[in-house]
Amino acid sequence: QVQLVESGGGLVQAGGSLRLSCAASGRTFSSDAMGWFRQAPGKEREFVSAIKVTWSGGRTYYADSVKGRFTISRDNAKNTVYLQMNSLKPEDTAVYSCAARRGAVSNDYPYIRESDYDYWGQGTQVTVSS
């Protein structure tokens with residue numbers, strides 16, 4: 001059984017920062033592609049960021065709305081992926097969920113769709129006040 005547990009959400013003023021963590025657990029679980037998605041009230045879940053590791057190294061991907069403000073990283077020893085969020089805006093308010101892919105990853109594919117992932121966490125609320 002694979003579990004993804006997010007933490008680090010909360011209430012922050014506009015311009016502030018938060019760091020989300022997603023700890024993966026499970027028997028011999030290791031994922032070469034992990035991502036963050038978010039869902040604001042009344043909206044569909046959307047891609048935020050992804051990180052993958054292939055034979056050519058690690059690559060990261062970001063939605064245009066967060067590029068330059070958010071940074072995704074991972075600690076393989078801890079099986080944890082992080083999302084550092086700076087310069088937060090009220091429109092960043094959402095439930096943030098992490099996701100992990102089972103199996104091999106392609107060197108050329110960005111893994112930015114929900115259907116690319118097999119495991120999901122429950123989510124953590126991020127609220128940015130103006």
Side-chain angles (χ1 to χ4, degrees):
Q1 184 78 12
V2 174
Q3 282 191 319
L4 302 177
V5 179
E6 303 96 337
S7 61
L11 174 64
V12 64
Q13 288 188 333
S17 299
L18 284 174
R19 189 177 82 152
L20 305 184
S21 300
C22 173
S25 63
R27 186 170 59 93
T28 65
F29 175 76
S30 177
S31 176
D32 290 331
M34 296 187 73
W36 287 96
F37 291 75
R38 68 186 181 186
Q39 186 168 21
K43 295 187 177 181
E44 293 188 352
R45 186 157 56 184
E46 64 176 3
F47 168 76
V48 176
S49 182
I51 184 167
K52 71 176 185 182
V53 179
T54 66
W55 60 267
S56 65
R59 290 195 65 178
T60 57
Y61 301 89
Y62 298 96
D64 288 342
S65 59
V66 307
K67 204 170 292 183
R69 300 188 297 121
F70 291 11
T71 303
I72 191 171
S73 61
R74 63 186 293 165
D75 184 332
N76 291 328
K78 296 182 178 180
N79 235 3
T80 299
V81 64
Y82 304 98
L83 185 68
Q84 178 67 43
M85 306 186 296
N86 298 328
S87 302
L88 282 161
K89 305 175 181 180
E91 50 263 44
D92 294 318
T93 295
V95 174
Y96 285 70
S97 300
C98 72
R101 176 175 175 81
R102 179 181 62 227
V105 300
S106 166
N107 192 52
D108 300 318
Y109 188 75
Y111 298 98
I112 62 174
R113 300 183 304 181
E114 291 184 53
S115 58
D116 294 330
Y117 294 91
D118 303 289
Y119 306 106
W120 291 83
Q122 290 297 311
T124 184
Q125 176 70 47
V126 171
T127 303
V128 184
S129 63
S130 57

* Structure fact -> Here the salt bridge (Lys or Arg N to Asp or Glu O under 4.0 Å) pairs for residues 51-64, sequence neighbours left out, are Asp64-Lys67

* Is there a path of hydrophobic side-chain contacts, each under 4.5 Å between heavy atoms of I, L, V, M, F, W or Y residues, that connects Leu83 with Tyr119? -> yes

* Asked: Are side-chain heavy atoms of Arg45 and Glu114 found at a separation under 4.5 Å?
  -> yes

* Qualifying side chain to side chain donor-acceptor pair (under 3.5 Å) pairs with a residue from residues 90-99, counting only residues at least two apart or across chains -> Arg38-Asp92, Arg38-Tyr96, Arg69-Asp92

* Structure fact -> Output for pair (Trp36 CH2, Leu20 CG), nearest 0.5 Å, gives 4.5 Å

* Report whether Val126 and Val95 are members of the same hydrophobic cluster (ILVMFWY, side-chain heavy atoms less than 4.5 Å apart, transitive linking). => no

* Asked: Taking only residues two or more places apart in sequence or in another chain, which ones pass salt bridge (Lys or Arg N to Asp or Glu O under 4.0 Å) with Asp118?
  -> Arg102

* Any residue meeting side chain to side chain donor-acceptor pair (under 3.5 Å) with Thr127, in chain and number order, not counting sequence neighbours -> Gln125

* Check Thr80 against Ser21 and note the closest heavy-atom contact, atom names and distance. => CG2-CB, 4.3 Å

* Asked: Which hydrophobic side chains are connected to Ile112, either touching it within the sub-4.5 Å cutoff or through other members that do?
  -> Phe37, Phe47, Tyr61, Val105, Tyr109, Tyr111, Tyr117, Trp120

* Mind checking what makes salt bridge (Lys or Arg N to Asp or Glu O under 4.0 Å) contact with Asp116, not counting sequence neighbours? -> Arg113

* Asked: With sequence neighbours excluded, what pairs up with Lys43 under the salt bridge (Lys or Arg N to Asp or Glu O under 4.0 Å) test?
  -> none

* Structure fact -> Between the CD1 atom in Ile51 and the OG1 atom in Thr71, the distance rounded to the nearest 0.5 Å is 10.5 Å

* Asked: Rounded to the nearest 0.5 Å, what separation is found between the CG atom of Asp32 and the OG atom of Ser106?
  -> 12.0 Å

* Those residues that, when tested against Asn76, pass side chain to side chain donor-acceptor pair (under 3.5 Å) (two or more places apart) -> Arg74

* **Within one Ile-Leu-Val-Met-Phe-Trp-Tyr cluster: Leu18 and Val81, side-chain cutoff 4.5 Å** => yes

* Asked: At their closest point, which heavy atom of Ala24 faces which heavy atom of Leu4, and how far apart are they?
  -> CB-CD2, 3.5 Å

* Give a yes or no on whether the backbone of Gly123 and the side-chain of Glu6 come within a donor-acceptor separation of less than 3.5 Å. => yes

* Could you give all pairs that pass the disulfide bond (SG atoms under 2.5 Å apart) test and reach residues 47-77, with sequence neighbours left out? -> none

* Closest contact, heavy atoms only, Ala94 versus Ala40 -> CB-N, 3.8 Å

* **Sequence neighbours excluded, every pair satisfying side chain to side chain donor-acceptor pair (under 3.5 Å) that has a member inside residues 10-19** => Ser17-Asn86

* **Ser49 OG to Phe70 CZ distance, which is reported to the nearest 0.5 Å** => 9.0 Å

* To do: Supply the atom-to-atom distance Gln84 CD to Ile72 CD1, rounded to the nearest 0.5 angstrom.
  => 12.0 Å

* Which pairs, with at least one residue in residues 66-118 and sequence neighbours excluded, count as a disulfide bond (SG atoms under 2.5 Å apart)? -> Cys22-Cys98

* Structure fact -> Sorted by chain and residue number, the side chain to side chain donor-acceptor pair (under 3.5 Å) partners of Gln122 (sequence neighbours excluded) come out as none

* Indicate if Tyr62 and Tyr82 have the same hydrophobic cluster label, given that clusters are the connected sets of ILVMFWY residues with side-chain heavy-atom separations under 4.5 angstrom. => no

